[in-house]
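Let me begin by presenting the structure, written as structure tokens, before commenting on it.
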Amino acid sequence: MDNNNNSNSKDDRSKDDRSNQNIISQSNKYFAHLTNYKNYYLLSLTLVVTLIPLLMSIFSNNLLIQGEESYFHLIEAGGYSTTTIFPYFLKMLNYQYINNIFIILPLLLAFGSIFFLLKTADQLKLPPEFTLFFLVMLIITPVFIDTFSTLSLYGFYTLLISLGFYLISNENKRVKWMACIPFILATFTDLASVIFLAALLTIYSIIFKENRRISIFLIALIITLGIFNFFAMSMNFFINHFHSQHLTIDLISDLGGKSGLGMFTLLLSLIGLSTTWKKKNFYFAYFFTIPLIIFYWYNTQTVFHLTILIIFFSTVGFINLFNRKWTLESLKRFSLLLIVLGILFSTLTYLGRSTDNQFSIEEAETLGWIKDQISEEGKIYSFPDKSNFINYFSYKDTFHNLDSDENKKKAANIILNSTYADQTLPLLEDNNINIIYVTEDMKLTLPSDQGLLFLLKNERFKLVHSQGDTEVWVFSKLNN
Amino acid sequence: MKIKAKHWLLIIVILTLAIRLIVSFSIPNLTYDSYFHLRQIEHIEETGLPLFQDDLSAGGKQLVFLPLFHYLMAFFTLILPIGIVAKIIPNLLFSTLPIISYFIAKTLTKDKNSSLFSALITAFLPITFLTNAVTPVSLFLPLIFLAIYFFLNIKIKNHLLFYIITLFCLCLTSSATFLIIVGFLIYLLLIALENKKMDNAELELMAFSLFFYVWTQFLFFKEVLIKEGISFIWQNIPSQIVQEYFPKLSVANSLILVSFIPFVAGVYVVYKALFQPGKQKSFLLISLVISTTLLAWFRLIQFKLSLAFFGMVLAILFASFYQEMINYVKKTKFIKFIPMITITAIIILLVTIIPPAISHAIEQDTPTNEEVLAFTTIKELSNRNSGVVSLIEESHLITYYSQRKNILDTRFTFVENVDQRFKDITSIYTTKFQTHALSLLNQYGINYIVLTEKAKEKFAIESLEYVDNECFQQVYKNNTLVYQVKCELKIEN
């Protein structure tokens, strides 16, 4: 009797142990619920995460279309000289006269991308916990929020490739071949993205052998189109710069980056990388790593692609970490809590400062004033990371932007920092600069006792308009 | 009667504490940086909260620091006056180091006598013999070695809990806890390189420590990280003096501060452990040595702290060296000389470590009584909004004794134009032109200039060249001079 009781209690204890250890398995009823309803939860999360920046813009009295990149594409949509597909898409939407479509377009792109990714995962029968964690981490990553809160080429690209993979994974052969359309459209972005897509399809063809024929055809088609677009259509290798490059800051959002990912996600990816090291199934992921790091080195705008890889490793690291049996059981739950809090912390901090450096209505109105009131030909001088925004609202060219050549950057730097009028003024004349557009961040970051702000005291500059923290100064040329 | 090891340990601890307290009370004041911490402790004592928004430091700015040490000190000020607490508690904390190093060494060697050597070296390690410094390092060092001890004995009942508590305290004491985290990573690497099996519990604890550390630091330093990015590591230290905080390793200087014999013994133990099999126990400590060296080399950690940590680890590793030496002698015909060898080793150690330790303590950089009086006088002479300029290292005396604003002190984080401020302070002391000096003094709202002996020595001046009776009034005269600024520079159109 006693023996029986003992063995029963031992069984119960080991059962308890197991249930304590099985945090991310179907035996955990909460986790099982999450995976069963993951589609609803993930789509809701996408909506919430992409709505927050929009709502914050509304409450902060800022413009509802944010991001330097948005205005770059909107300007291109107004012209005919674009090499990417996105401005044509924007132009097409504009023709339909759907009011305010551009405001909710990023949200729709995000929703569509996640929807198709979920459907693809279902069709490919990927492990539900992998799909859940991968997509949760992706959705709450600052780079995702940044991409899908602006009119972003990579946002559109994500929708196209997720739709493409959804179609190619379909059982119906005709539907499969329809994947050609989004994949072909996705080649009109930049060459780095084309290479990324070709690599994704290569991996897809290796893992899902039943779709190998069509995958190989698509890879060949994509590479051919990519090369054609690059050489014949002058498509860029990388997308343009929309903010100043900083290798560390652009990768880790917690260090004040504009997008990037959280430190915890990065740490988890290192765990993922170390646990999968030399495992045959993961060779394809390593195959990705080096080119993506090189791309990132050259243009931090490609952090979007790198993030997808890092999140893949983070998901693997997270699942490996919490699927294994821990010797120190009590630490397991505590560590899980810490990681979840850490990841959320990065997201919340990022969202909290998402209104910093946003374009305000005030700024747009000032630029509108320039458009209406200053008819004289000439260029505007301001910070380069706002050049498209300035260009869009003022209908005037800026002297330089982040992709300007070195000579222009050098001249811009002299104008910004030189205290000597005889050095700065000829530069302004030679480069046909007649407007200095001073913004709040210029006043915050530039010294007032030297450099450009100090030189504005010179008699040849005249303050013609000021609204809130923005000022418009006109520079009168000597021959005038 | 044979004295037991624990009694020897007690003697070492009492001896070190006694010497520390004697030296401490024989030096009247505390190190310059201590006054920042004293101010925080007093603020906690009065309000229950640290002074995170300081209106006096660099004309007013946000301060970011981990407050556990200040809370601990503030707790003792409930029982004793702050002047006594400032001298006793840090020394008491430093005096726990020999106990901790004894137990770590005992875990490694299982030998009490060898471990006593570690305790002895730790007790008089010159670099930690700072008797008049009120600094979180005095709490950080015991805690970090306590954490190492609990980590090494994680399988003993309750040690996991103790480790977590210690780690929690560490993360709230100093960001230098990073040392142990990097040490863990190197430990993992060494184990992998040696193809040894990693203990699961250790692995889990390392992962937990990493995430816990990162999380707590994010909570406290969120704003600094966002504002300063990766440069938060260098704490916005002016480029002109960054060399003082992160100097290049000088082997000779380092040898004196960590003691020559433990250093040589440490190098031997590290060599043996790395290149001979069966020495996995020491791997963690060796990893910590490597991590400290690397972090100091790459200027990611302050030199003095890394040296203190390094010295402690070497002291612990000395136990392994001594044990090995005795085991070797036991195999030779010199076995009967073991007691003599032990006594000789003790004498050599005492001779080589105690004098540098005491001399290091006596040479601590503290203000003189007369300087303290000068700063106290400013408080009586000036009004609340006055600003005072002195050397950067003396600036905490302005905020503590004078209770007035300074231009720049050693808390550089969040200071705008830190390099310019540093340059301007130098200009105030070295310029020959009164207009230049006045423009700078007006710009920072400075009403008093303090010229100490240290400032005279630093700038190689006897007095301020531009000072005259019209614009400056000498309000304090002794070795230290205090001038009141009476003129204002106005630009007339």
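The sequence lines fix the lettering, A, B, ..., with proteins before strands; numbering per chain opens at 1. Values below: every heavy atom of this structure, side chains too, minus hydrogens, waters and symmetry copies.
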Flag yes if more than 12 heavy atoms outside A:Lys443 fall under 6.0 Å of its NZ atom; otherwise flag no. yes
Between A:Ser274 and chain B, with a heavy-atom cut-off of 4.5 Å, which part of the residue counts as in contact: side chain, backbone, both or neither? neither
Going by heavy atoms in the side chains, are A:Arg324 and B:Leu203 under 4.5 Å from each other? yes
Among A:Ile271, A:Ile249, A:Leu331, A:Leu268, single out the residue with the greatest number of heavy-atom pairs under 4.5 Å to chain B. A:Leu331
In terms of ring plane angle, is the pair B:Phe211 and A:Phe264 parallel, tilted or perpendicular, where the classes change at 30° and 60°? parallel
Inspect the surroundings of CD in A:Glu459 and state if more than 12 heavy atoms from other residues, nucleotides or ligands are less than 6.0 Å away. no
Evaluate the side-chain proximity of A:Leu328 to B:Leu205: yes if any heavy-atom separation is below 4.5 Å, no if none is. yes
On a heavy-atom basis, which atom in B:Phe208 and which in A:Ser335 lie closest, and how many Å separate them? CD1-OG, 3.4 Å
Could you walk me through whether A:Leu255 and B:Ile226 pass side-chain contact (heavy atoms from CB on, under 4.5 Å), step by step? CA-CA 5 Å; A:Leu255 298 179; B:Ile226 288 169; over 6 Å; no
Could you tell me which portion of A:Leu338 (side chain, backbone, both or neither) has an atom closer than 4.5 angstrom to a non-hydrogen atom of chain B? both
Can B:Glu204 and A:Lys325 be counted as an ion pair, charged N to O under 4.0 angstrom? no
If you count the non-hydrogen atoms of other residues, nucleotides and ligands that lie under 6.0 Å from CZ in B:Phe433, is the total more than 12? no
So, the part of A:Ile252 with a heavy atom under 4.5 Å from chain B: the answer is neither
Taking heavy atoms only and a threshold strictly under 4.5 Å, list by residue number the residues of residues 157-182 of chain B that touch chain A; give 'none' if the list is empty. B:Leu160, B:Ile164
Provide the full list of salt bridge (charged side-chain N to carboxylate O under 4.0 Å, His left out) pairs with a residue in residues 210-229 of chain B, sequence neighbours left out, each pair given once. B:Lys227-B:Glu416
Using the side-chain contact (heavy atoms from CB on, under 4.5 Å) rule, take B:Trp215 and A:Ile339 through it: C-alpha gap first, then chi angles, then the decisive distance, then the call. CA-CA 8 Å; B:Trp215 188 69; A:Ile339 291 171; over 6 Å; no
